[in-house]
2 protein chains.
Amino acid sequence: MKTHTESEENYIKALYHLGGGRPVSNGDLAQRIGAKGSSVTQAVRRLGQKDLVNVVPYKGVQLTPQGIRLAKSILRKHRLWETFLVDKLGFGWEEVHPLAEQLEHIQSEELVDRLFQFLGSPKHDPHGDPIPERDGQMPPVLGQPIGAFTAGTEIRIVRVEDAGSEFFDQLDTMNINLGNTYEIRAISAFDSSVELGSSAGTFWLSQNMCANIYAVQS
Amino acid sequence: MKTHTESEENYIKALYHLGGGRPVSNGDLAQRIGAKGSSVTQAVRRLGQKDLVNVVPYKGVQLTPQGIRLAKSILRKHRLWETFLVDKLGFGWEEVHPLAEQLEHIQSEELVDRLFQFLGSPKHDPHGDPIPERDGQMPPVLGQPIGAFTAGTEIRIVRVEDAGSEFFDQLDTMNINLGNTYEIRAISAFDSSVELGSSAGTFWLSQNMCANIYAVQS
DNA sequence: AATAAGGTTTAGCTTTGCCTAAAATAAAAG
DNA sequence: CTTTTATTTTAGGCAAAGCTAAACCTTATT
Ligand SMILES: [Mn+2]
Ligand SMILES: [Mn+2]
Ligand SMILES: [Mn+2]
Ligand SMILES: [Mn+2]
């Protein structure tokens with residue numbers, strides 16, 4: 001397995017995020033990477049040379065199977081490091097993403113394997129996102145948006161979308177964490193906000209909050 | 001505190017290793033970095049622009065106080081990560097250096113502080129090298145070469161030089177680890193090799209081995 | 001079918017970081 | 001005090017990665 005630059009890996013990751021295996025437009029990629037379209041054109045050409053993507057000019061870029069494999073291995077590292085930072089070093093789940101952006105580029109299979117072991121072979125990261133297995137298999141993407149349940153259901157929070165620091169602040173303020181259980185007390189017919197109840201009392205969650213919080217029945 | 005490239009940090013670290021605060025020749029630096037002299041000339045010029053070094057053409061390069069501070073902070077990270085890899089992930093002390101070469105460039109004060117805590121505020125790394133404090137202070141450099149003791153002395157291994165993988169292999173083969181205690185049984189007048197004794201028996205260490213193993217009386 | 005608009009690529013420039021070969025300088029030898 | 005030698009710097013290239021401005025496709029609108 002060859003060695004890639006940080007920039008290359010970031011492009012691969014962005015492509016996986018935006019399209020999985022499907023084609024992605026130059027513009028979307030540029031937006032995601034935070035570079036100009038012209039820079040992206042050149043970058044994906046380089047990636048094409050290395051058989052990580054297929055490029056059709058004016059049409060779009062698409063990861064090859066090789067590119068997908070690489071993307072998953074980077075995602076695996078990203079999420080394992082996030083798990084390390086939260087579980088072992090005590091970081092808050094809102095702080096770890098930028099750090100994992102750096103750590104995900106450290107190159108050593110051995111290190112990844114040992115980290116995985118050290119963390120207790122986790123299947124999901126601190127945000128509830130699935131950690132790709134060594135062989136590329138993906139654990140299930142957990143839960144559905146809170147608004148999708150019906151009143152009276154007992155739910156457990158299993159995942160949150162990365163919706164920016166204000167969102168995480170709000171979660172912290174409301175003391176909402178992965179693993180918390182609530183009863184859905186009511187769903188507003190007016191604005192789709194949801195009333196959650198626990199032993200600590202009840203409170204309302206806006207539609208926007210609900211859309212980024214995923215739960216399972218339990 | 002500005003952000004530096006990996007290459008810049010490697011030059012700073014090399015300069016600190018070779019000269020501490022004293023001037024270093026272009027050639028020595030080139031050798032250490034593994035680049036040609038012409039590349040080094042340009043690199044140190046860039047570092048000079050950033051006030052990390054003072055350059056006197058044809059004479060040598062020298063870290064500024066700012067450069068020294070940076071060097072120590074990188075060394076601190078390097079040695080903390082080595083400690084993490086050995087103590088927490090179970091790597092052998094001969095494996096961790098190349099990994100720490102990558103990890104030392106991760107940028108986050110917070111991460112370093114938390115790692116330091118997590119590791120139990122260590123003063124020395126797995127090879128016995130001092131880990132610079134947060135404020136730049138250096139814990140003592142421990143021990144003296146084994147050959148410096150006299151027959152009959154009880155010693156404890158506290159540090160080993162990084163003398164290549166064959167050296168570490170030899171240490172492992174002989175079961176020599178930091179913290180091990182021995183009695184100096186004899187020192188050869190012929191070739192300066194040393195006979196060490198413990199409850200497990202006695203064995204001879206070549207002069208070359210001895211020169212890279214440091215101990216204290218105890 | 002012709003044109004306007006939007007998105008994409010090309011052309012040309014910049015910085016970092018490395019290279020080789022040639023010129024310049026400092027140090028050592030005579 | 002020259003001359004030779006070793007070291008260092010300059011000059012000229014190259015690749016990765018980014019940028020702006022101009023040219024070029026595609027697509028949608030008239
Ligand atoms: Mn993340
Ligand atoms: Mn995550
Ligand atoms: Mn090391
Ligand atoms: Mn070390």
Side-chain angles (χ1 to χ4, degrees), chain A residues 1-15 18-19 22-63 67 70-71 74 101-102 104-107, chain B residues 1-19 22-63 67 70-71 74 101-102 104-107:
Chain A
M1 195 168 294
K2 231 169 271 102
T3 170
H4 312 92
T5 67
E6 216 159 299
S7 172
E8 280 173 349
E9 292 194 346
N10 285 335
Y11 275 96
I12 295 296
K13 205 169 46 120
L15 281 166
L18 293 171
R22 326 255 46 256
V24 171
S25 77
N26 183 295
D28 288 355
L29 187 49
Q31 167 125 60
R32 175 87 188 169
I33 291 281
K36 293 304 160 77
S38 52
S39 305
V40 170
T41 301
Q42 294 182 143
V44 297
R45 195 176 298 152
R46 285 191 300 268
L47 293 175
Q49 227 82 49
K50 302 194 176 186
D51 289 313
L52 293 169
V53 302
N54 289 317
V55 186
V56 182
Y58 290 102
K59 288 299 177 179
V61 203
Q62 185 175 17
L63 288 171
L70 176 56
I74 300 167
E101 288 291 319
Q102 297 183 61
E104 72 193 358
H105 303 293
I106 301 290
Q107 296 189 309
Chain B
M1 201 170 289
K2 233 171 266 102
T3 168
H4 312 93
T5 69
E6 216 160 299
S7 172
E8 280 173 348
E9 292 195 345
N10 285 336
Y11 274 96
I12 294 297
K13 203 169 47 123
L15 281 166
Y16 186 77
H17 178 91
L18 293 172
R22 323 256 53 250
V24 171
S25 79
N26 183 297
D28 288 354
L29 187 51
Q31 167 124 58
R32 174 89 189 170
I33 291 282
K36 293 306 161 73
S38 52
S39 305
V40 170
T41 302
Q42 293 183 144
V44 297
R45 195 175 298 152
R46 285 193 298 268
L47 294 175
Q49 227 82 48
K50 301 193 176 187
D51 287 315
L52 293 169
V53 302
N54 288 318
V55 186
V56 182
Y58 290 102
K59 288 298 177 179
V61 202
Q62 185 175 15
L63 289 171
L70 176 56
I74 300 167
E101 288 291 319
Q102 297 183 62
E104 72 192 359
H105 303 293
I106 302 291
Q107 295 188 311

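So you know, we letter chains A, B, ... as the sequences are listed, proteins then strands, and number each from 1.
- Taking atom CD1 of residue B/Ile33 and atom P of nucleotide C/dC19, one finds them 11 Å apart after rounding to whole Å.
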Using atom types as modelled, flag every donor-acceptor pair under 3.5 Å from a side chain in residues 38-47 of chain B to any protein atom, sequence neighbours excluded.
| residue | atom | partner | partner atom | Å |
| --- | --- | --- | --- | --- |
| B/Thr41 | OG1 | B/Asn26 | ND2 | 3.1 |
| B/Thr41 | OG1 | B/Gly37 | O | 3.1 |

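- Closest of all the heavy-atom pairs between B/Val55 and B/Val61 is CG2-CG1, 4.0 Å.
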* Between A/Val53 and A/Ile12, is a side chain to side chain contact (heavy atoms under 4.5 Å, CB included) present by the stated rule, with each step listed? -> CA-CA 8 Å; A/Val53 302; A/Ile12 295 296; 4.3 Å; yes
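- Sorted by first and then second residue, the side-chain hydrogen bond (donor to acceptor under 3.5 Å, both in side chains) pairs with a member in residues 48-62 of chain A read A/Glu8-A/Lys50; sequence neighbours excluded.
- A search for side-chain hydrogen bond (donor to acceptor under 3.5 Å, both in side chains) contacts involving A/His4 returns nothing, not counting sequence neighbours.
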* Criterion side chain to side chain contact (heavy atoms under 4.5 Å, CB included) on A/His105 and B/Ile106, from CA distance to verdict -> CA-CA 10 Å; A/His105 303 293; B/Ile106 302 291; over 6 Å; no
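- Under a cut-off of 6.0 angstrom, the local environment of CD in B/Gln31 is sparse, with at most 12 non-hydrogen atoms contributed by other residues, nucleotides or ligands.
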* To do: Could you encode protein contacts along nucleotides 20-27 of chain C as a string, one character per nucleotide from 5' to 3', using B for base contact, S for sugar-phosphate-only contact and - for no contact, with a heavy-atom cut-off of under 4.0 Å?
  => B---BSSS
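- The shortest distance between the side-chain N/O atoms of A/Ser25 and the OP1/OP2 oxygens of C/dG7 is not below 4.0 Å.
- Annotation: side chain of B/Arg32 is not in contact with side chain of B/Asn10 (no heavy-atom distance under 4.5 Å).
- Qualifying salt bridge (charged side-chain N to carboxylate O under 4.0 Å, His left out) partners for B/Glu101, counting only residues two or more places apart in sequence or in other chains: B/Lys13.
- Boundaries of the chain B contact region on DNA chain D are D/dT8 to D/dT10, first to last in 5' to 3' order (nucleotide atom under 4.0 Å from a heavy atom).
- Residues B/Lys50 and B/Gly34 both approach DNA chain C. Their nearest nucleotides, taken by heavy-atom distance, put B/Lys50 toward the 5′ side.
- Atom CG of B/Leu52 and atom C1' of C/dT16 are 15 Å apart (whole Å).
- A heavy atom closer than 4.0 Å to some atom of DNA chain C occurs in A/Thr41, A/Arg45, these being the qualifying members of residues 41-49 of chain A.
- Taking the side-chain contact (heavy atoms from CB on, under 4.5 Å) definition, one finds that B/Ser7 meets it with B/Thr5, B/Tyr11, sequence neighbours left out.
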